[in-house]
Structures are given as C-alpha cells and as structure tokens.
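Below is one structure, written out as structure tokens, with a few remarks after it.
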Amino acid sequence: MYFLNPSSGVPLYLQLQQQLQQRILAGQLRDGDQLPSVRDFSTELGINPLTVTKVYQILEREGFVETRRGLGTYVSHQSPALKIDARRRQIGPALEQLVAEALHLGLGEKEIQTLLAEKFRQFKPKIAKPNPNE
C-alpha cells in the first residue's frame, strides 16, 4: 500500500519515488519484480499517469528499475555497492536533521551516539530481516 498526501507540501511524484526506492532498498520489491503498469498504478493511487511515468523515468535513470519495451517496468539488478550508496543517500536528509536538532539542543556527538545505540536496541527485535552490514 502506498500513501500519498497531496497536502504535505512534498510533490506527489517525490513521495511515490521515495516510497518505491525504500521498498526496493528494503527488499520488499526484489530484483526482477515487475512494477504495476503506469495506467494501473495511476488508477490505484488516484493520480495522473504522467506522474507515475515521471517517477519510473527517475527511478530508471538512478538504476533502480529498467523498462522493457512492450513488457513493463522491472526492479533492476543492482550491485551491492550501488544499493549501499543508495541507502546512504536515502538516510542522508534524516541524519542532517538529527545533527541540526542535536546542535540546536546542545547535545554532543557522544550523546547522540548513545541515544542512537539505544534506539537500535529497541527496534532491532522488531525487524525481521537482518542487516548484512552489521
């Protein structure tokens, strides 16, 4: 299920792009999986087909998907290095906000590392899939 919020201030295409990227990086959409057709996806989401086309083009340009003429759009086979780089790009804005907030509140790097470690311990049992980078 995809959730697009037209009143969030974030363009719909960007919301959809981010959600698809997250699902690919998390392994919810696997290499070779076919994405819905532009027509079906736009109908399901209640958005303009051009928006879905734009998202698929961006994802293809970034190497997440490949379009096979007459067959559809598929999750592409990425090298592990590309996936790690994409994951780091995906988490970057959240990390920047965390650091900015920490500095604003007067928290140091060590305190943030301690808080992050605690959060990881809290969330780890809830995550079914192990992280290969640990």
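All values below were derived from every heavy atom in this structure, side-chain atoms included, with hydrogens, water molecules and symmetry-related copies excluded. The model shown is predicted, which means the values in this text are computed figures rather than measured ones.
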| message | In this structure, would Leu115 and Phe120 fall into the same cluster of hydrophobic residues linked by side-chain contacts under 4.5 Å? | response | no
| task | Kindly work out whether a path of hydrophobic side-chain contacts (I/L/V/M/F/W/Y, heavy atoms less than 4.5 Å apart) joins Leu105 to Ile112. | result | yes
| Can you name the nearest heavy-atom pair linking Gln15 to Ser8, along with the distance? | NE2-OG, 3.0 Å
| query | Between the side chains of Gln113 and Glu109, is a donor N or O closer than 3.5 angstrom to an acceptor N or O? | reply | yes
| For Arg68, does the CZ atom have more than 12 heavy-atom neighbours from other residues, nucleotides or ligands under 6.0 Å away? | yes
| said: To check you understand the geometry: which heavy-atom pair defines the closest contact between Leu59 and Gln17, and what is its length? | reply: CD2-CG, 3.9 Å
| Between Val65 and Leu14, is there a shared hydrophobic cluster once you connect ILVMFWY residues whose side-chain heavy atoms come closer than 4.5 Å? | yes
| query | For Arg30, does its backbone N or O pair with a side-chain atom of Asp33 as donor and acceptor, under 3.5 Å? | reply | yes
| Between CD on residue Gln28 and CD on residue Gln22, distance to nearest 0.5 Å | 9.0 Å
| message | Once rounded to the nearest 0.5 Å, what's the spacing between atom CG of Leu20 and atom CG of Leu25? | response | 11.0 Å
| task | Decide whether Leu116 and Val99 are clustered together by the hydrophobic rule: side chain heavy atoms of Ile, Leu, Val, Met, Phe, Trp, Tyr closer than 4.5 Å, transitively. | result | no
| field | Closest non-hydrogen atom pair between Asn5 and Phe3, with its separation | value | CB-CE2, 3.9 Å
| said: What's the separation between atom CD in Gln34 and atom OG1 in Thr73, rounded to the nearest 0.5 Å? | reply: 7.5 Å
| task | Please report the closest heavy-atom contact between Glu60 and Thr67, naming both atoms and the distance. | result | OE2-N, 3.1 Å
| message | Show every ring pair (Phe, Tyr, Trp, His ring centres under 6.0 Å) that has at least one partner inside residues 14-50, sequence neighbours left out. | response | Tyr2-Phe41
| query | To the nearest 0.5 Å, what is the distance between CD (Gln19) and CG (Leu29)? | reply | 11.5 Å
| query | Which atoms form the tightest heavy-atom contact between Glu66 and Ser76, and what is the distance? | reply | OE1-CB, 3.7 Å
Enumerate donor-acceptor pairs with a distance under 3.5 Å from any side-chain N or O in residues 44-58 to protein atoms, sequence neighbours excluded.
unit_1	atom_1	unit_2	atom_2	d
Asn48	OD1	Leu50	N	2.8
Thr53	OG1	Pro49	O	3.1
Tyr56	OH	Pro36	O	2.7

| field | Heavy-atom neighbours of Gln97 CD exceed 12 at 6.0 Å | value | no
| Applying the 4.5 Å side-chain criterion to the ILVMFWY set and letting contacts propagate, would Ile24 and Leu4 be lumped into a single cluster? | yes
